[in-house]
A.B. asks: 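I have a structure I would like to understand better, so I am pasting it below and will then ask my questions one at a time.
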Protein chains: 2
Amino acid sequence: MDIKSAVTQLSSIAQEARLEIFRLLVQAGVEGLPAGSIGEKLNIPPSTLSFHLKELSHAGLIDSRQVSRFIYYTANYAAMNGLLAYLTENCCAGVNECCPDITICNQEKGNEP
Amino acid sequence: MDIKSAVTQLSSIAQEARLEIFRLLVQAGVEGLPAGSIGEKLNIPPSTLSFHLKELSHAGLIDSRQVSRFIYYTANYAAMNGLLAYLTENCCAGVNECCPDITICNQEKGNEP
DNA sequence: GCATTATTTCCATAATTATGGAAATATAGA
DNA sequence: TCTATATTTCCATAATTATGGAAATAATGC
């Protein structure tokens, strides 16, 4: 992880609408949600939603896949992990127990029904 | 944690200079660093540094204390924890093991010499 | 091909944020 | 009080980012 990617990822969630979208997707799990549902749940007009989804997507914090006419968006848990790890890297100079290892939202253990 | 605070905190580190400052302080541990040292290490002019430190401070991600003529800045590990927890809250709907508990950088276990 | 639905692009406008020089303020020691 | 050092405030300029309507594009079923 380099600092520019980290800034891009942080910027992408440093905005209320996008943070709501991201958290919604984090909570939605590996199946994700189609764009339309996201806009409906969060009451965001299509053009604005599209703009924000693109920002999150470019940052790499969410992925998308097409299913018929719907585009499903999902949180990229690995990217989230990477970002959190970067923030806490070498915490307290790694000298002691101040900062335990982190392992958060490992997508390998997803909850696909 | 409410979404506005989270956005404020994320915005505060969604900027290269500030992310460098924050990470430097996270790594510096509980003693922290005086403003001057930060500016020197990261090559940031005083006025710019002051602006960025204020942003981080207002967001609550760093604290400061005066020691003689120096102002020491420190990472607020509790705030960092809170932010990371907010991002991963109810991950995958909390249905399974997708997202283990997180405990990162607990300042109670600091490494004061 | 046509109608329908889903999503994105384009665009102008508005709002926010970053930069750093110069001056001001604060602290401490002689 | 005078001087030196540390940090912040002020300010103008520049750059980036957000918003949403309207139009365009894409995908599906009939």
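The structure displayed is predicted, hence computed values, not measured ones. Chain A is the first sequence line, chain B the second, and so forth, proteins listed ahead of strands; every chain is numbered from 1.
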A.B. asks: Take atom CD of B:E16 and atom C1' of C:dT19, then tell me their distance rounded to the nearest Å.
C.D. replies: 14 Å
A.B. asks: To check you understand the geometry: which heavy-atom pair defines the closest contact between B:Q15 and A:V7, and what is its length?
C.D. replies: C-CG2, 3.8 Å
A.B. asks: So, OP1 or OP2 of C:dT9: does either fall under 4.0 Å of a side-chain N or O from A:K54?
C.D. replies: yes
A.B. asks: Please check this pair: side chain of B:Q66 against backbone of B:S68, looking for a donor-acceptor N/O pair closer than 3.5 Å.
C.D. replies: yes
A.B. asks: Which atom names give the shortest non-hydrogen contact between A:D2 and A:Y86, and what distance separates them?
C.D. replies: C-OH, 4.2 Å
A.B. asks: Using a 4.0 Å heavy-atom cut-off, does B:P46 contact any base of the nucleic acid, only the sugar-phosphate backbone, or nothing at all?
C.D. replies: base
A.B. asks: Show the nearest heavy-atom pair for residues B:T74 and B:R65, with the distance to one decimal.
C.D. replies: CG2-NH1, 3.7 Å
A.B. asks: When the distance from CZ of B:F51 to P of C:dA18 is rounded to whole Å, what number comes out?
C.D. replies: 5 Å
A.B. asks: Check the phosphate of D:dT8 against B:S50, side-chain N and O only, distance under 4.0 Å to OP1 or OP2. Yes or no?
C.D. replies: yes
A.B. asks: Tell me, do A:L53 and A:S50 make a side-chain contact under 4.5 Å, heavy atoms counted?
C.D. replies: no
A.B. asks: Look only at the side chain of B:Q27 and the backbone of A:C91, and say whether a donor-acceptor pair between them is shorter than 3.5 Å.
C.D. replies: no
A.B. asks: Across the strands shown, which category fits B:S68 at heavy-atom distances under 4.0 angstrom: base, sugar-phosphate, nothing?
C.D. replies: sugar-phosphate
A.B. asks: Rounded to whole angstroms, how far apart are CG on B:L19 and C1' on C:dA18?
C.D. replies: 16 Å
A.B. asks: Find which nucleotide of DNA chain C each of B:V67 and A:G36 is nearest to by heavy atoms, and output the residue with the more 5' nucleotide.
C.D. replies: A:G36
A.B. asks: Without swapping roles, check the side chain of A:R23 against the backbone of B:N90 for a donor-acceptor pair under 3.5 Å.
C.D. replies: no
A.B. asks: Taking N and O atoms by type only, does the side chain of A:R69 place a donor or acceptor under 3.5 Å from a partner on the base of C:dT4?
C.D. replies: yes
A.B. asks: Nearest whole angstrom, please: distance from the P of D:dT16 to the NZ of A:K4.
C.D. replies: 12 Å
A.B. asks: Tell me which nucleotide among C:dA18, D:dA18, D:dA6 gets nearest to the side chain of B:Q15.
C.D. replies: C:dA18
A.B. asks: As an exercise, state the distance from OG of A:S12 to CG of A:L56, rounded to the nearest 0.5 Å.
C.D. replies: 4.5 Å
A.B. asks: Which whole-number value in Å describes the distance from A:L42 CG to C:dT7 C1'?
C.D. replies: 16 Å
A.B. asks: When you get a sec, tell me which of D:dT9, D:dT7, C:dT8 is the closest nucleotide to the side chain of A:L53?
C.D. replies: C:dT8
A.B. asks: Measuring from the side chain of B:I71 (C-beta onward, heavy atoms only), which nucleotide among D:dA6, D:dT8, C:dA6 has the closest atom?
C.D. replies: D:dT8
A.B. asks: Which is more 5' along DNA chain D, the nucleotide nearest B:L49 or the one nearest A:P45? Just name the residue.
C.D. replies: B:L49
A.B. asks: Please report, rounded to the nearest Å, how far the P atom of D:dA18 is from the CD1 atom of A:I13.
C.D. replies: 13 Å
A.B. asks: For the pair made of CZ in A:F70 and P in C:dT4, what is the distance, rounded to whole Å?
C.D. replies: 17 Å
A.B. asks: Bend across the helix from C:dG1-D:dC30 to C:dA30-D:dT1, to 10°, with axes taken over 5 pairs at each end?
C.D. replies: 30°
A.B. asks: Name the closest nucleotide to the A:A35 side chain, picking from C:dG20, D:dG20, C:dT7.
C.D. replies: C:dT7
A.B. asks: D:dA18, C:dT7, C:dA22: which one has an atom nearest the side-chain heavy atoms of B:S47?
C.D. replies: C:dA22
A.B. asks: Can you measure B:H58 atom NE2 to C:dT17 atom P for me and round it to whole angstrom units?
C.D. replies: 13 Å
A.B. asks: Contact class for A:Y72 (heavy atom, under 4.0 Å): base, sugar-phosphate, or nothing?
C.D. replies: nothing
A.B. asks: Taking only side-chain N and O atoms of A:T48, does any of them lie within less than 4.0 angstrom of OP1 or OP2 on D:dG20?
C.D. replies: yes
A.B. asks: Side-chain N or O of B:H52 versus OP1/OP2 of C:dT19: is the shortest distance under 4.0 Å?
C.D. replies: yes
